[in-house]
Amino acid sequence: MSGVTPPAEGRVVWFTGLSGAGKSTLATALHERLVARGERVELLDGDAVRENLSKGLGFSKADRDTNVRRIAFVAGLLARHGVTVLVSAISPYRDTRDEVLAALPNTVEVFVDAPLSVVTDRDVKGLYLKAIAGEIPHFTGVSDPYEAPISPDLHLRTDLKSIDACLNELLTHLGVHDVTHA
Ligand SMILES: Nc1ncnc2c1ncn2[C@@H]1O[C@H](COP(=O)(O)OS(=O)(=O)O)[C@@H](OP(=O)(O)O)[C@H]1O
Ligand SMILES: Nc1ncnc2c1ncn2[C@@H]1O[C@H](COP(=O)(O)OP(=O)(O)O)[C@@H](O)[C@H]1O
C-alpha cells in the first residue's frame with residue numbers, strides 16, 4: 001500500500017431560496033474569495049446544472065427532486081476529494097433537501113431569504129412578471145411551493161443586509177479569515 005494520505009473531506013455549502021433571493025450572487029462572491037485563498041472549490045449553480053447535468057428536466061416535484069439529488073451526488077463526489085462545493089439551487093422541498101444534506105459530509109445549509117414582494121420587484125430575469133401573468137406554470141413562490149428551512153445553519157435576509165454584509169457572515173460562519181480583503 002502506498003502512504004498517500006487522502007485529502008480531508010470538503011465542505012458542502014448549500015444555498016436555498018426563491019429565484020432572485022441572491023443565491024447565485026452570494027455563491028459566486030464566496031467562490032471568488034475562496035479561490036483567491038487558494039482553496040479547491042467548485043460552484044454548482046442551478047442554471048448551469050440545468051443546461052448540462054439536468055438538461056431536459058422540468059419543474060414538477062419529481063423533476064426538481066431529481067435535479068437536487070443529482071446535484072447532491074456530484075457534490076458528494078467532489079467533497080470526498082477535498083473540494084469545497086458551493087451549491088446554488090432553489091431546492092424548494094424540505095424533505096428532499098434534508099435527505100440529501102444528511103447524506104453529505106460537512107454541510108452548511110444557507111437560507112437565502114427575501115420576501116416574495118422584494119424578489120418580485122427585483123425580477124432579475126423577468127420571470128416573476130410572466131409567472132404572475134400565468135405564463136410560467138409551477139413557478140416557485142407564485143404557483144409552486146417553497147418550503148423554507150426550519151433551522152438552517154445560516155439565515156441571510158438579503159432584503160435587509162447588503163451583499164458584502166451577507167458575504168462577511170458567510171465567511172465568519174465558515175471560519176474564513178479573509179486576508180485578501182482585510
Ligand atoms: N417554474 C419555475 N420555478 C422556478 N424557477 C424556474 C421555473 N422556470 C424556470 N426557472 C428558472 O430556473 C431556475 C431554478 O432552477 P433550480 O435548478 O435552482 O430549481 S430547483 O432547485 O430544481 O427547484 C431559476 O433560477 P434562479 O433565479 O437562479 O433561482 C429560474 O431562472
Ligand atoms: N444582500 C444581497 N445578497 C445577494 N443579492 C442581493 C443582495 N441585495 C441585493 N441583491 C441583488 O439581488 C439579486 C439576486 O439575484 P441572483 O443572485 O441571481 O438570485 P438567485 O440566484 O437566488 O436567483 C441580484 O441582482 C443582487 O444584486
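As the structure lists them, so they are numbered: ligands from 1, and atoms in each ligand from 1. This one's a predicted model, so the numbers in the text were calculated from it and none came from an experiment.
If you check which protein heavy atom lies closest to atom 28 (O) of ligand 1, you get K125 NZ, 3.0 Å. Looking only at protein heavy atoms, the nearest one to atom 27 (O) of ligand 1 is S19 OG, 2.5 Å. Protein heavy atom at the shortest distance from atom 26 (C) of ligand 2 is T25 OG1, 3.8 Å. Here the protein heavy atom with the shortest distance to atom 9 (C) of ligand 2 is R122 NH2, 3.5 Å.
Note: no N/O pair closer than 3.5 Å links A89 and ligand 1 by distance alone.
When ring centroids are compared, H155 and F111 come within the 6.0 Å threshold.
Each of the following atoms of ligand 1 lies closer than 4.0 Å to a heavy atom of D47: 13 (C), 25 (O). Under a 4.0 Å criterion applied to the non-hydrogen atoms of L127, ligand 1 contributes the atoms 30 (C), 31 (O). Every atom of ligand 1 with a heavy atom of P137 under 4.0 Å away is listed here by number and element: 1 (N).
A distance of 11.0 Å separates OG1 of T28 from NZ of K23, quoted to the nearest 0.5 Å.
The residue among V124, L127, I163, D159 with a heavy atom at the shortest distance from atom 2 (C) of ligand 2 is I163.
With a heavy-atom cut-off of 4.0 Å, D144 does not touch ligand 1 at all.
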